[in-house]
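Take a look at the structure set out below.
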Amino acid sequence: AEGVVADALARVGDARPSEVAFALGLFADAGGVEEDEFADFSEVSSLRRGRHDLYFAVVKDAVLSRALVDAKFADRTPSCVVARRGASATSTALDDPPQDGLGAWVDAVSLPAVGE
């Protein structure tokens, strides 16, 4: 899993690699039972479109989502996985969102700590 993140980070040129984060939405049924969570993820990504240090992607395929869950990227779908260089990837289940909301969670885990 870490190799995939490193490969993706190596391809980004807009920001210093240590500042770049990726948020990946995993959905097995984005048009069905996970529709509300997909809408929330889409809104969060749209509101952060101007950030040069955060890139969003989405997987809406049940087989690929299951493979990523099996590879321990996340516990289950629907989920959001955030990865950045120098920090372990972290995920949250979107059907049980963080108390402060998905947007606040993405901001908190995607920004480097002060002094990094």
Check: Are L68 and V59 close enough that some pair of their side-chain heavy atoms sits under 4.5 Å apart?
Finding: yes

Next item on the list: Compare all side-chain heavy atoms of L111 with those of D53 and state whether any distance is below 4.5 angstrom.
Entry: yes

[X] and [Y]: same hydrophobic cluster, using ILVMFWY side-chain contacts below 4.5 Å?
| X | Y | value |
| --- | --- | --- |
| V58 | V20 | no |
| V81 | F38 | no |
| V44 | L47 | no |

Notebook entry, point to check: Measuring from L26:CG to E37:CD, what's the distance to the nearest 0.5 Å?
Noted result: 13.0 Å

Checklist line | Euclidean distance, L24 CG relative to Y55 OH, rounded to 0.5 Å | finding: 15.5 Å

Margin query: List the residues meeting side-chain contact (heavy atoms from CB on, under 4.5 Å) with A23, not counting sequence neighbours, and say none if there are none.
Written below: L54, F56, C80, V82

Notebook entry, point to check: What pairs meet the side-chain hydrogen bond (donor to acceptor under 3.5 Å, both in side chains) rule with one or both residues in residues 93-111, with sequence neighbours excluded?
Noted result: R48-D107, R51-D107, R51-S110, R76-D95

Check: Listed by chain and number, what are the side chain to side chain donor-acceptor pair (under 3.5 Å) partners of D75, not counting sequence neighbours?
Finding: none

Next item on the list: Mind checking side chain to side chain donor-acceptor pair (under 3.5 Å) for T77 and listing every partner two or more places apart, or none if nothing turns up?
Entry: E34

Item checked: Residue pair S65 / A28: nearest heavy atoms and the distance that separates them -> OG-N, 4.0 Å

Next item on the list: Check A93 against S79 and note the closest heavy-atom contact, atom names and distance.
Entry: CA-OG, 3.8 Å

